[in-house]
Amino acid sequence: MNKKLTFLGIETSCDETAASIVRERENNTADVLSNVISSQIEEHKKFGGVVPELAARAHIDKIDFIIQEALDKSKTKIEDIDGIAATAGPGLIVCLTIGYNIGKSLAAFSGKPFLPINHLEGHALSPSIENKISFPYLLLLISGGHSQYLIIKGINDYEQIGTTIDDAVGEAFDKTAKILDLDYPGGPKVEKFAKLGNKNSYNLPKPIINRGGCNLSLAGLKTAVLRKSKEIDLDSDKEKYNLAASFQYTINKILVEKTKVAMKMFREKMSDQEPSKTFVVAGGVAANEIIRKDLIDLSKKMNFKPIFPSKEFCGDNAAMIAWAGIKRFKKKLLSNDIPVKSRWPLDKKAPFLKGPGLKL
Ligand code: KG4
Ligand code: ZN
């Protein structure tokens, strides 16, 4: 029997300081021996968003304790680790540098391999921590900074078939939360309010719903929420619930329509492959139960098997980074000289769909 690999993962790309010990299992899934996440929500709350320098300082203050806690909780010593993986991008450079440098130094001192990891690859592979999933699969990655449809053909083999041309889905939730005077990060709070409101209260726009393939556009929706918020009484909880519900269900309709298109594209592009029809949703917004429900219903209709990571692996975490490290190590994808970078698309050939004058 081959030795099962154990990796330390480190994640500091934004406002979570995280470390995790992950051990691979027999059936291509993994045991997460520890998954320590220290959130900086309190630090950033009063500014309504992440302040990079504050985030970097908090990472510096905490990262060594968080790594030690991850080792202690997993009852593992650094000598027992087979490799160290740290997020190298995309993200805030001042934040990425902290986790990357400590990971690289630890690896050098302990004589272990060091693997710089793409945060998006961490999200993309996160559902396979708990589920046996075969390639290719269709991925909807919805987080605070990214919203993409990708075909995951294998490790390091990713084709982007759609992306947002302006705001990410999580960003739209966070901005709506701000308009409704809800604390950062707003996604979970908007969802809570949406469950209490009437989704048919307001008719909000669904930009590029019938064109642009499975690309998304959400900036117009956010502007419409802002406009509506000025017409209603924001001191009334009921009106806030109704606007949150209308926003949430408009997002749902957009995601359902665009996922339908993405599923058809996946089928066409993968028609020569085994007809694996797995649809995976990952990233922070994948925790949203209202979105989960509609995408599960759609998957049934379209004959896809839907898979969502557990909520602890939806938001930013280091288990997904350690897991991507193990996967890359096994594939001998060992380049350790990738520098930290703020922009790092998973599919290098994908067009950059942002900016004025864009035609879809
Ligand atoms: O993946 P993630 O933790 O960080 C990034 O890589 O961006 O995603 C964070 C995003 C935030 O925008 C947050 O508001 C959103 O995920 N989010 C949610 C929910 N939980 C987190 N959005 C909607 N509903 C939720 N339940
Ligand atoms: Zn993320």
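Atoms within each ligand, like the ligands themselves, are counted from 1 in listed order.
A salt bridge is defined here as a Lys NZ or Arg NE, NH1 or NH2 lying under 4.0 Å from an Asp or Glu carboxylate O, and Asp82 with Lys3 meets this definition. Comment: Lys175 engages Glu171 in a salt bridge, judged by a side-chain N to carboxylate O separation of less than 4.0 angstrom. Salt-bridge formation is not detected for the pair Arg23/Asp31: no Lys NZ or Arg NE/NH1/NH2 atom is positioned less than 4.0 Å from an Asp or Glu carboxylate oxygen. Ion pairing between a basic and an acidic side chain is recognised when a charged N comes within 4.0 Å of a carboxylate O; Lys195 and Glu191 show such pairing. Looking at Glu121 and Lys327, no side-chain N of the basic residue comes within less than 4.0 Å of a carboxylate O on the acidic one, giving no salt bridge. Electrostatic pairing of Arg57 and Glu53 does not count as a salt bridge here, judged by no charged N lying under 4.0 Å from a carboxylate O.
Taking the side chain to side chain contact (heavy atoms under 4.5 Å, CB included) definition, one finds that Leu54 meets it with His44, Phe47, Val51, sequence neighbours left out. With sequence neighbours excluded, the residues that form a side chain to side chain contact (heavy atoms under 4.5 Å, CB included) with Asp80 are Thr76, Lys77.
The proximity of His119 to ligand 1, defined as any non-hydrogen pair under 4.0 Å, is limited to the side chain. Under 4.0 angstrom from ligand 1, the non-hydrogen atoms of Asp316 come from both its backbone and its side chain.
Taking every non-hydrogen atom of His123 and a distance limit under 4.0 Å, the qualifying atoms of ligand 1 come out as 1 (O), 6 (O). Proximity to Gly315 (heavy-atom distance under 4.0 Å) selects the following atoms of ligand 1: 3 (O). Annotation for ligand 1: atoms under 4.0 Å from non-hydrogen atoms of Gly170 are 12 (O). Near Gly144, the atoms of ligand 1 lying under 4.0 angstrom from a non-hydrogen atom of the residue are 5 (C), 7 (O), 8 (O), 9 (C), 10 (C), 12 (O). With ligand atoms numbered from 1 in the order given, ligand 1 contributes 7 (O) to contacts under 4.0 Å with heavy atoms of Gly145. Taking a cut-off of under 4.0 Å to the non-hydrogen atoms of Ser143, the atoms of ligand 1 that pass are 1 (O), 5 (C), 6 (O), 7 (O), 8 (O).
Across the listed options Pro185, Pro90, Gly187, Gly284, Gly284 owns the non-hydrogen atom lying nearest to atom 21 (C) of ligand 1.
A ring-ring contact (aromatic ring centres under 6.0 Å, His included) check over residues 299-330, counting only residues at least two apart or in different chains, returns the pairs Phe7-Phe329, Phe266-Phe304.
In terms of protein heavy-atom proximity, atom 12 (O) of ligand 1 is closest to Asp174 OD2, 2.7 Å.
Tally of protein N, O or S atoms closer to the Zn ion (ligand 2) than 2.8 Å: 3.
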